[in-house]
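Below is one structure, written out as structure tokens, with a few remarks after it.
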Amino acid sequence: AARPRSVRVSLIEPQLEACYSGMVPGCVAGLYDAHEAQIQLEPLAKWASIEFLRTRVLDVDPVAREVRCADGTTLRYDALSLDIGSCTRGAQAVPGVAEHAICSRPISALLARVEAAERGFLALPEEDAIRAVVVGGGAAGIELALALRARWGRRGGAAGAQWLTVTLLDSGAELLSHEAPACRAAVRDALRER
């Protein structure tokens, strides 16, 4: 259904593009180029009859129900959605993470981080094995483990399976324990196959 004429929607974002996170694992796997996962915000906002403000939010005043922006704009609101993304908790505080981990958040930078790590080990001799460890056995972690297998497993050709080891770490007794048994079995089969 169409939005009532009395409802005005504004999108505040300093970038002209947003990363479609659902396609990022496909980019990591090499199925898509990075530009294919980018959403052009200005044309999308225009199509949806949404006001697009290319600026940053500086302050939110919940009492006055106002958003103040870096470009001097102040918007009054009745409903506010703050969709600011996420970051990897502890990435700077946990020893070794900054030097050795590929943080998946913000998701828009994941492909660049994977490519940087790849440049480092592609210079190694072909016979040197690579061990990738994905922390988190939820759907996103499983998807990332499979994407890394697809991307880096090709390096060794037929020997790629021996060249690359991907380990998935999770604190649970079983992956996706909240899902139906058939779903869990399908995921186990997919992981075993790869």
Side-chain angles (χ1 to χ4, degrees), residues 1-29 31-99 101-117 134-147 169-172 175-180 183:
R3 184 172 63 243
R5 288 180 177 259
S6 60
V7 175
R8 181 177 144 208
V9 178
S10 299
L11 171 64
I12 303 167
E13 169 60 48
Q15 305 297 317
L16 289 172
E17 298 178 330
C19 176
Y20 174 47
S21 61
M23 286 182 70
V24 171
C27 292
V28 170
L31 300 173
Y32 313 111
D33 289 330
H35 76 275
E36 293 178 279
Q38 298 301 313
I39 299 169
Q40 304 302 313
L41 296 177
E42 230 168 356
L44 178 63
K46 184 177 181 179
W47 171 82
S49 299
I50 292 172
E51 176 186 23
F52 177 64
L53 296 155
R54 187 176 180 201
T55 186
R56 291 182 308 109
V57 171
L58 293 180
D59 187 37
V60 176
D61 183 338
V63 175
R65 299 181 87 146
E66 291 181 340
V67 175
R68 292 185 199 99
C69 301
D71 69 354
T73 303
T74 298
L75 294 174
R76 293 192 45 77
Y77 66 86
D78 295 304
L80 177 65
S81 176
L82 298 173
D83 303 301
I84 57 173
S86 62
C87 61
T88 304
R89 186 176 53 196
Q92 301 305 317
V94 177
V97 171
E99 299 84 14
I102 302 170
C103 294
S104 62
R105 299 291 186 258
I107 193 80
S108 59
L110 176 58
L111 182 59
R113 290 187 183 109
V114 167
E115 289 171 342
V134 176
V135 179
I142 292 167
E143 192 172 33
L144 182 57
L146 293 170
L169 295 180
D170 187 65
S171 62
L175 293 176
L176 303 177
S177 60
H178 59 283
E179 296 294 337
C183 176

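- Put simply, the side chain of Arg76 never gets that close to the backbone of Glu66: no donor and acceptor are under 3.5 Å apart.
- When all heavy atoms are compared, the tightest approach of Ser108 to Cys19 is CB-CB, 3.6 Å.
- Counting heavy atoms from C-beta on, the side chains of Ile12 and Leu75 come closer than 4.5 Å.
- Note: Ile107 CD1 to Met23 CE = 12.5 Å, rounded to the nearest 0.5 Å.
- With contacts defined as side-chain heavy-atom distances shorter than 4.5 Å, the pair Pro62/Tyr77 qualifies.
- Here CG of Leu11 is found 12.0 Å from CZ of Arg54. Values are rounded to the nearest 0.5 Å.
- Taking 4.5 Å as the limit, some side-chain heavy atom of Ile142 sits within range of a side-chain heavy atom of Leu176.
- Nearest heavy-atom pair, Leu111 versus Ala34, reported as atom, atom and distance to 0.1 Å: CD2-CB, 3.5 Å.
- Atom CG of residue Leu53 and atom SG of residue Cys69 lie 6.0 Å apart, to the nearest 0.5 angstrom.
- If you take CZ on Arg56 and CD on Glu13, they are separated by 11.0 Å, rounding to the nearest 0.5 Å.
- Closest heavy-atom contact between Gly141 and Val134: O-CG1, 3.5 Å.
- Contact check for Thr73 versus Thr55: no side-chain heavy atoms found under the 4.5 Å cut-off.
- Side-chain N or O atoms of Arg68 include none that pairs as donor or acceptor with a backbone N or O of Leu58 at under 3.5 Å.
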Return all side-chain donor-acceptor pairs below 3.5 angstrom for residues 35-50, not counting sequence neighbours, or 'none' if the list is empty.
{"unit_1": "Glu36", "atom_1": "OE1", "unit_2": "Asp33", "atom_2": "N", "d": "2.7"}
{"unit_1": "Gln40", "atom_1": "NE2", "unit_2": "Glu17", "atom_2": "OE2", "d": "2.8"}

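- Rounding to the nearest 0.5 Å places CG of Asp59 at 6.5 Å from CG of Asp61.
- The salt bridge (Lys or Arg N to Asp or Glu O under 4.0 Å) check on Arg105 picks up nothing, with sequence neighbours excluded.
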